[in-house]
Structures are given as C-alpha cells and as structure tokens.
Amino acid sequence: MKLRKYYPTIVLSDIHLGSEHSRTEEVTNFLKHVNCDRLILNGDIIDGWQLQKSGRRWKQQQTDFFKVLMKMMERQGTEIIYVRGNHDDFLDNLVPFSFSNLSIVKDYILNTHGKRYLVTHGDIFDTVTTNMRWLAMLGDIGYTFLLWLNRIYNQRREKNGKPYFSLSQHVKHKVKSAVSYISDFEKELVKLAEVKKLDGIICGHIHQAANVRYGNIHYLNSGDWVESLTALVENEQGEWNIVSYNREEYAAEEMQLSVLHYAEVI
C-alpha cells in the first residue's frame with residue numbers, strides 16, 4: 001500500500017468544473033492521494049461559461065471535489081489559494097477574499113526556498129480573452145466541439161485496443177498559428193517576470209504543461225484536467241516537476257486498499 005505523497009506545494013489549473021469534458025473524478029482522486037502545505041488553484045477551476053448554458057447542472061462529483069478541498073484544509077491544515085481565471089471571472093466582484101486558510105485572489109506571489117514566483121492564470125496576457133470576450137467564447141465553442149469529437153474518436157480507438165490520442169493537442173502542435181500563440185504567450189509572461197525582477201512565473205490557461213527556463217526565468221505551466229491531467233508539484237528541496245495522473249496506477253492502488261480492508265473485516 002502506498003502512503004500519501006507529500007509535496008510542500010501543488011498547483012492545479014484548468015479543471016473546468018461544469019464542462020462535460022472536465023475530468024473531475026480523476027482530479028478528485030489525485031487530491032485524495034496527496035498531502036501538501038499549500039494548494040494553488042490557478043484559474044478556470046469552475047467553468048462559469050459552461051454553467052451559464054441552458055441545461056447545465058451542478059453535479060455530485062463537482063461537490064465531491066470541494067469536499068476533498070475542505071478535508072484538506074481541516075485535517076491537513078492545507079492553505080488553499082484560488083487564483084481567478086477567465087472562465088471563473090464571476091469571482092471578480094469577490095476578490096480579494098480571505099477566510100481561515102482559503103484565499104481568492106487575482107494573482108499571487110509565491111515565496112519558496114529563497115525564490116519568488118508570480119502565480120497568474122495567464123488570461124490577462126491574452127488580448128482575445130481580455131479585449132474580445134465574445135470572440136474568446138466563440139473559440140471556446142470550437143474547442144468544446146473538438147473535445148466532443150476527440151471523445152467519439154477515442155471510444156472507437158479503445159474498442160480496437162488502441163491507446164488514447166489527443167486530437168486537440170495534435171492540432172496545437174500542427175497548426176502554425178497555435179504553435180506561434182503558445183510561444184508568444186510564454187515569452188510575454190517571461191518578460192513580465194523579468195520586469196518585476198522575479199525568479200519565475202507559474203501559469204495555466206493554454207492547457208500546455210511546461211517546466212522550462214528562459215535565461216534566468218523559470219517558466220512553469222500546470223497544464224489542465226480536461227485532457228493532459230497534469231499538476232505542478234514542488235518537493236522539499238524546492239525542485240519543481242510535472243506529474244501526470246495515471247488511471248491504471250490509482251485503480252490498482254484502490255483495489256489493493258479494498259482487499260486489505262476486506263482482510264481486516266474477516
């Protein structure tokens with residue numbers, strides 16, 4: 001049986017609760033298997049854009065996610081910092097907000113191991129989402145369609161014994177404008193960190209996990225929980241890594257726990 005993995009800091013972003021493509025059960029299960037001093041929810045945790053659509057309802061699995069967060073705060077003393085994103089911009093009228101070990105902010109300075117990181121969702125540096133919200137929402141419709149198509153495509157692949165294949169990630173890497181956008185996005189955030197004389201920047205927004213250096217600036221992106229199922233974790237030495245959720249690994253562990261529980265009962 002595995003012990004809970006401990007990380008001083010964990011960063012999650014782009015869970016998109018409320019979207020039918022959110023991998024809510026997986027991210028909830030991930031959090032059940034970790035301990036941390038600080039959990040940063042870096043934007044687009046709740047997808048207000050999707051919840052505004054007719055027929056969208058809040059589901060039990062989404063409530064379960066927040067129950068796990070409350071347990072982390074109560075039992076582990078975890079500090080939770082919720083950084084607002086563009087899909088959860090309904091929080092604008094609330095921030096900054098602080099209660100007990102929960103904070104809701106627009107951005108956050110993380111001080112760790114003598115280094116300073118700016119934590120921001122990243123949408124403020126996207127002129128489309130900042131200045132032309134209607135166009136951003138149109139793009140969101142296209143992305144949602146691509147995810148729907150991706151699900152149908154992978155259902156067929158699974159029946160034929162083939163591994164998961166991400167259409168949206170494939171498009172991002174093949175379409176020149178998408179590749180250019182990601183590159184420009186990273187460079188703009190790096191420039192901001194340089195201007196503020198910081199050691200690094202931690203973001204989300206583009207659903208592209210990253211752990212790279214641009215000169216003296218450490219650029220970190222936590223990815224998403226729609227397709228890539230990734231998180232940023234900091235170890236006790238202050239080193240950062242990207243971890244990916246492995247369904248088979250967690251399923252095997254749950255089975256082992258069930259067997260041990262059954263053995264104790266009998």
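Leu41 has its side chain within reach of Ile80: a pair of non-hydrogen atoms, C-beta onward, lies under 4.5 Å apart. Between Lys106 and Val83 the shortest side-chain heavy-atom distance does not fall below 4.5 Å. Between Leu17 and Asp47 there is no side-chain heavy-atom pair separated by less than 4.5 Å. With contacts defined as side-chain heavy-atom distances shorter than 4.5 Å, the pair Leu232/Ile10 does not qualify. The side-chain heavy atoms of Ile109 and Val119, taken from C-beta on, include no pair separated by under 4.5 Å. In this structure, the side chains of Val243 and Thr230 stay at 4.5 Å or more apart for every pair of heavy atoms.
In this structure, the ring of His121 has its center no less than 6.0 angstrom from the ring center of His87.
Ser22 places no side-chain N or O within donor-acceptor distance of the main-chain N or O of Gly18, the cut-off being under 3.5 Å. A distance-only check finds a donor-acceptor pair linking the side chain of Asp44 to the backbone of Asn86 [under 3.5 Å]. Not one N or O on the side chain of Thr120 forms a donor-acceptor pair closer than 3.5 Å with the backbone of Asp107. For Asp199 (side chain) and Lys115 (main-chain N/O), no donor-acceptor pair under 3.5 Å exists by modelled atom type. Judged by distance alone, with hydrogens and angles left aside, the side-chain atoms of Ser13 form a donor-acceptor pair with the main-chain N or O of Gly223 at under 3.5 Å. For the pair Ser19 (side chain) and His21 (backbone), a donor-acceptor distance under 3.5 Å is present.
Residues Ile40 and Ile124 do not share a hydrophobic cluster, defined by chaining ILVMFWY side chains whose heavy atoms lie under 4.5 Å apart. Cluster annotation: Leu189 is not connected to Val105 through the hydrophobic network of ILVMFWY side chains, with a link wherever side-chain heavy atoms come within less than 4.5 Å.
A salt bridge links Arg84 with Asp92: the distance from a Lys NZ or Arg NE/NH1/NH2 to an Asp or Glu carboxylate oxygen falls below 4.0 Å.
Applying the salt bridge (charged side-chain N to carboxylate O under 4.0 Å, His left out) test to every pair with at least one member in residues 203-217, sequence neighbours left out, gives no pairs at all.
Here the options are Tyr7, Trp225, Tyr245, the test is ring pair (Phe, Tyr, Trp, His ring centres under 6.0 Å), and the partner is Phe30; only Trp225 passes. When the options Leu69, Asp88, Leu94, Val95 are evaluated for a side-chain contact (heavy atoms from CB on, under 4.5 Å) with Tyr82, the one that passes is Asp88.
The minimum heavy-atom distance between Ile201 and Ala193, with the atom names listed, is CB-CB, 4.3 Å.
Every residue two or more places apart in sequence or in another chain was checked for a side chain to side chain donor-acceptor pair (under 3.5 Å) with Asn93, and none qualifies. With sequence neighbours left out, the side-chain contact (heavy atoms from CB on, under 4.5 Å) criterion links Asp37 to Tyr6, Pro8. Residues satisfying the side chain to side chain donor-acceptor pair (under 3.5 Å) criterion with Glu236, sequence neighbours excluded, are absent altogether. With sequence neighbours left out, the salt bridge (charged side-chain N to carboxylate O under 4.0 Å, His left out) criterion links Glu188 to Lys191.
Ring geometry for Tyr214 against Tyr219 counts as perpendicular: the plane angle is over 60°, on a 0 to 90° scale with 30° as the lower cut.
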Side-chain donor-acceptor contacts of residues 61-68 below 3.5 Å, not counting sequence neighbours, with atom names and distances?
unit_1: Gln62; atom_1: OE1; unit_2: Lys59; atom_2: N; d: 2.7
unit_1: Thr63; atom_1: OG1; unit_2: Trp58; atom_2: NE1; d: 3.0
unit_1: Asp64; atom_1: OD1; unit_2: Gln60; atom_2: NE2; d: 2.8

